[in-house]
Protein chains: 2
Amino acid sequence: MNSPNIQNTSEQKFWYLRNHKLFSTLSNAEIDDLCIITKHKGAKKGEAIYFGEDLQNRIFLLKKGIIKIVEHNDKGDEVIKDIMQKGDLFGAIGSDDSINKESAVTISSEAIVCSFRISDFENILSKNPDIALQYFKFLGLKLKKIENKYTNLVFKDVRSRLIAFLNDWTAAEGSKVGFDWVVENYLTHQDIAGLICSTRQTVTQLMRDLETEGHIKYDRKEILIHSSLLAKTERPIKS
Amino acid sequence: MNSPNIQNTSEQKFWYLRNHKLFSTLSNAEIDDLCIITKHKGAKKGEAIYFGEDLQNRIFLLKKGIIKIVEHNDKGDEVIKDIMQKGDLFGAIGSDDSINKESAVTISSEAIVCSFRISDFENILSKNPDIALQYFKFLGLKLKKIENKYTNLVFKDVRSRLIAFLNDWTAAEGSKVGFDWVVENYLTHQDIAGLICSTRQTVTQLMRDLETEGHIKYDRKEILIHSSLLAKTERPIKS
DNA sequence: TTGTCAATGTCGCATTCCCGACATATTGTA
DNA sequence: TACAATATGTCGGGAATGCGACATTGACAA
């Protein structure tokens, strides 16, 4: 989907929201009240879109690009909470207080983002029960996703988590080629490590293992996933 | 708070919901439509309230007692997702599909639970924007809680997680005694291990360490937490 | 082409903590 | 009181994986 020729910010924001499932039914006036900023980032790869405090009172809608929501600890280690794609909401989802240490970093070469104040968003929700219900579903999904990540982390070892991640990725974005699947690879081993809570070295090692076992094949641009990996979560029996 | 003399299930359910923050504004008719079951459990300690499938389409409200939301893997290992107390909502929060492997197990000697269908609940929400907003806040809090658990698990070692857990517990339920805090202890080391994702032995060991270090003092009934533990998350410097 | 930087590949040691095994202590119950 | 069942305490070996160090490869720009 390419955006039409858009002359100014105002028209852009209408176009952005109208094409989003959650906001498609809103009137011009409502959109005008809600979306007070349309933020464009000709952001370089690796550039942060927002930091701690900004995030407190805003919800963001990613219109274009890929970003990662990350959190760092004191030592500088990074966990990737989530990867956001076109159409995803992020930011202070569902809460409006307390400290948040997350930041959003662009992975793609460009990212375009709209944002709204939480209070404005809540206002829209309370006046549009249908949108509210959809938003409930969205929150439920988010909740389930993170709960799933949590149990994965507890129950599974790194290898299983990597395989589960590859399977999810394939399911979400892969295209079938013969008996295999291809996924465009915009993530480094470092990123993947952050996503499955491991280290770069371990990810590299396991990717190599999976390749020599014949389950995947990869370079820096794409990953080819053999169907033998699908639904495979156990480690091979040791000899 | 003791419940008044209640003669029948119908009166009970009115009383239960009226005394809950989220439902206090509902009319009799609305409550009647919503809460189609009032489930009483003279449940023994350790008895499961519901299993997988039951949970799919219901939201539960805990009126009395303490329960744990747990999930098991194939090997029988247990993670405790959450501990629920009087007034808490649990079940298929925010989602109405897919498989859920959780179950709810009583920790206290008795538990009383109401439940409603998700569709009925959604109906109430869409007709009562105020309740919907409160429910958004609730979901947001839940989301933040689990995200916090997740980052804790990634960034902190077992000792730090245990200390963080004790601090949380103190903050939530502790009462001050001199310079210390007392928490009624209804959890076994096994339970605590499940909550902070560790093992019984490790928890026992660390609890003993903390006691010899003078930070806590405990028996099976209560835990005395010295103020020296508050805000302490780092391990002592090794000699 | 060459130089630079980021990403990937490989190795081995160190550490954390799981896990089995078994002892002791406490609680509930006949 | 005695017995069973559950909870707590203690120890040591071993597996998973973190982590530093360094080599190699690939991408991009001058």
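In what follows, chains are A, B, ... by sequence order, proteins preceding strands, each numbered from 1.
Taking only side-chain nitrogens and oxygens, B:T199 comes nearer than 4.0 Å to OP1 or OP2 of C:dC18. Taking only side-chain nitrogens and oxygens, B:R208 comes nearer than 4.0 Å to OP1 or OP2 of D:dG9. For the OP1/OP2 pair of D:dA7 and a distance below 4.0 Å, the side-chain nitrogens and oxygens of B:T188 include no atom meeting the criterion. One finds no side-chain N or O of A:Y218 lying less than 4.0 angstrom from the OP1 or OP2 phosphate oxygen of C:dA7. Under 4.0 angstrom from either OP1 or OP2 of D:dT17 there lies no side-chain N or O belonging to A:S198. For the OP1/OP2 pair of D:dG18 and a distance below 4.0 Å, the side-chain nitrogens and oxygens of A:T202 include at least one atom meeting the criterion.
Of the listed nucleotides (D:dG9, D:dG18, C:dT27), D:dG9 has the atom at the smallest distance from the side chain of B:H189. Counting only heavy atoms from C-beta on, A:R220 has its side chain closest to D:dT25 among D:dT25, D:dT8, D:dA21. Considering only the side chain of A:K221, D:dA27 comes nearest among C:dT8, D:dA27, D:dG9.
Between B:E211 and B:R208, at least one side-chain N (NZ, or NE/NH1/NH2) sits under 4.0 Å from a carboxylate O, which counts as a salt bridge. Electrostatic pairing of A:K221 and A:E184 does not count as a salt bridge here, judged by no charged N lying under 4.0 Å from a carboxylate O.
One atom, CG of A:D191, and another, C1' of C:dA6, lie 12 Å apart when rounded to the nearest Å. In this structure, the CD atom of B:Q205 is 16 Å from the P atom of C:dC19, given to the nearest Å. Taking atom CG of residue A:D157 and atom P of nucleotide C:dC17, one finds them 17 Å apart after rounding to whole Å. We find that CG of A:D209 is positioned 13 Å from P of D:dA16, with the value rounded to whole Å. Taking atom CG of residue B:L153 and atom P of nucleotide D:dT17, one finds them 13 Å apart after rounding to whole Å. Atom CD in B:Q190 sits about 14 Å away from atom C1' in D:dG9, given to the nearest Å. A straight line from CE of A:M207 to C1' of C:dT10 spans 16 Å, rounded to a whole angstrom. Counting to the nearest Å, the P atom of D:dG14 and the CD atom of B:Q201 are 17 Å from each other.
Along DNA chain D, the nucleotide nearest to B:E211 and the one nearest to A:K75 differ in position, and the one closer to the 5' end is contacted by B:E211.
With hydrogens and angles ignored, no donor-acceptor pair under 3.5 angstrom links the side chain of A:R200 to the base of D:dG18.
Checked by atom type and distance alone, the side chain of B:S108 pairs as donor or acceptor with a backbone atom of B:I66 at under 3.5 Å. The backbone N or O of A:G194 sits nowhere less than 3.5 Å from a side-chain atom of A:S198 that would complete a donor-acceptor pair.
Side-chain contact between A:K145 and A:D82 is present, with at least one heavy-atom pair separated by less than 4.5 Å.
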